[in-house]
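The structure appears right after this line, and notes come after that.
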Amino acid sequence: MYKVFGIIGDPVSHSLSPVMHNLAFRELGLQAVYGAFRVKREELVQAVQGIKALHISGVSVTIPHKESILPLLDEVEETALEIGAVNTVINREGQLKGYNTDWIGLLRAFEERGITFEDKRVVILGAGGASRAVIYAVKRAKAKEIILFNRTYEKAEKLARTFGVTALPWEDLEKAEGEIIIQTTSLGLKSMESPVSEEILKRFKIAMDLVYLPLKTKFLQLAEKHCLTLDGLRMLLHQGVEQFKLFTEKHPPVTLMEKALYEEVKRREKELGLGEEDS
Ligand code: ATR
């Protein structure tokens, strides 16, 4: 019998997870399929019951459910609890357990470039859903100092308190400096805008953008003149690799998944008329 997996979120039609997971299932000859399920905010309770009733083996969880799903699960892994967000749910005989692989995805993305956070000053932009796993990962990797900037200061302050890091007002970005800067806001998604200027990026050595559409965001375009850069697909790929391991207890074909992701993003850039040629 085929095992069914999927992603729950809203919006979800843009998700690249079906591309990645279905390819890996096919490559490994597994009898499994992965679909995209649009679940509105107010439908989450029913959706979670549905996972059990339909015997869905596992799901990826995305906006806006990563935080609100926690109390609906039977069990939540320690790390996901600490982060306060779940991006993976596994159904084991009707018991749903939540995990978080986003933070591992971020660390792998840096690790594969030989970059460590130890004793570095790290600036994180944004205090939304994506930011939590990033702060957790960077803190766990022993950064010397973590500074959080968010347009809405109260949100940065709240997150900073939760994780024991520093929050500064958006206006102070002009004075931001450090070794690594990680962009987690949604600004730059499908638009050629950057939350920070080149002047600011000049003061960093490494810059990562979590946004991957376009692949080379305005932020990365400005950063690459001065910094080593990492695009958003790196984290997406590696969180997906870890997620696949939880889904199947097998190692996925990482290089093939990577290739498929980049091809799909290139295709979407063309479709939307985005990308480097627009800069
Ligand atoms: P959520 O809305 O659930 O927080 P998110 O997409 O993870 O989901 O969060 C969006 C992040 O991008 C937030 O940090 C947001 O800043 P605010 O907290 O001030 O809303 C940030 N963001 C979105 N648009 C932005 C913009 N134009 N300039 C700066 N930051 C922006």
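The figures here come from the full heavy-atom set of this structure, side chains too, leaving out hydrogens, waters and symmetry mates. One-based numbering, in listed order, for ligands and for the atoms of each.
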Please compare Ile63, Ile124, Leu125, Asn150 and report which has the shortest non-hydrogen distance to atom 18 (O) of ligand 1.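 The nearest heavy atom belongs to Asn150.
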If you take the nearest heavy atom of each of Gly126, Gly129, Pro64, which one is closest to atom 8 (O) of ligand 1? Gly129
Tell me, please: is Ser186 in heavy-atom contact with ligand 1, that is, under 4.0 Å?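 Yes; Ser186 lies near enough to ligand 1 that a heavy-atom distance drops under 4.0 Å.
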Check whether any heavy atom of Ala130 sits under 4.0 Å from an atom of ligand 1.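 Yes, that is the case, since the closest heavy atom of the residue is under 4.0 Å from the ligand.
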Tell me: protein heavy atom nearest atom 26 (C) of ligand 1, and distance? Arg151 NH1, 3.2 Å
Shortest protein heavy-atom distance from atom 17 (P) of ligand 1, along with the residue and atom involved: Thr152 OG1, 3.3 Å
Which label fits Phe25 and Phe244: parallel for a plane angle under 30°, tilted from 30 to 60°, or perpendicular past 60°? tilted
Does Trp103 have its ring centroid less than 6.0 Å away from the ring centroid of Tyr136? yes
Proximity of His21 and Phe247 rings by center, below 6.0 Å: yes
Using the rule that two of Ile, Leu, Val, Met, Phe, Trp, Tyr join whenever any of their side-chain heavy atoms come within less than 4.5 Å, decide whether Met20 and Leu23 are in one cluster. yes
Examine [X] against ligand 1 and note whether any of their N/O atoms are separated by less than 3.5 Å.
X      : result
Thr185 : no
Trp170 : no
Ala127 : yes

Applying side chain to side chain contact (heavy atoms under 4.5 Å, CB included) between Leu73 and each of Ile90, Val86, Ile51, report the one that passes.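 That would be Val86.
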Could you list which atoms of ligand 1 come closer than 4.0 Å to a heavy atom of Lys155? 4 (O), 17 (P), 18 (O), 20 (O)
Give a yes or no on whether atom 20 (O) of ligand 1 lies under 4.0 Å from any heavy atom of the protein.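 Within 4.0 Å: yes, protein heavy atom nearby.
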For the side chain of Arg121 and the backbone of Glu177, is there at least one donor-acceptor N/O pair under 3.5 Å apart?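 Present.
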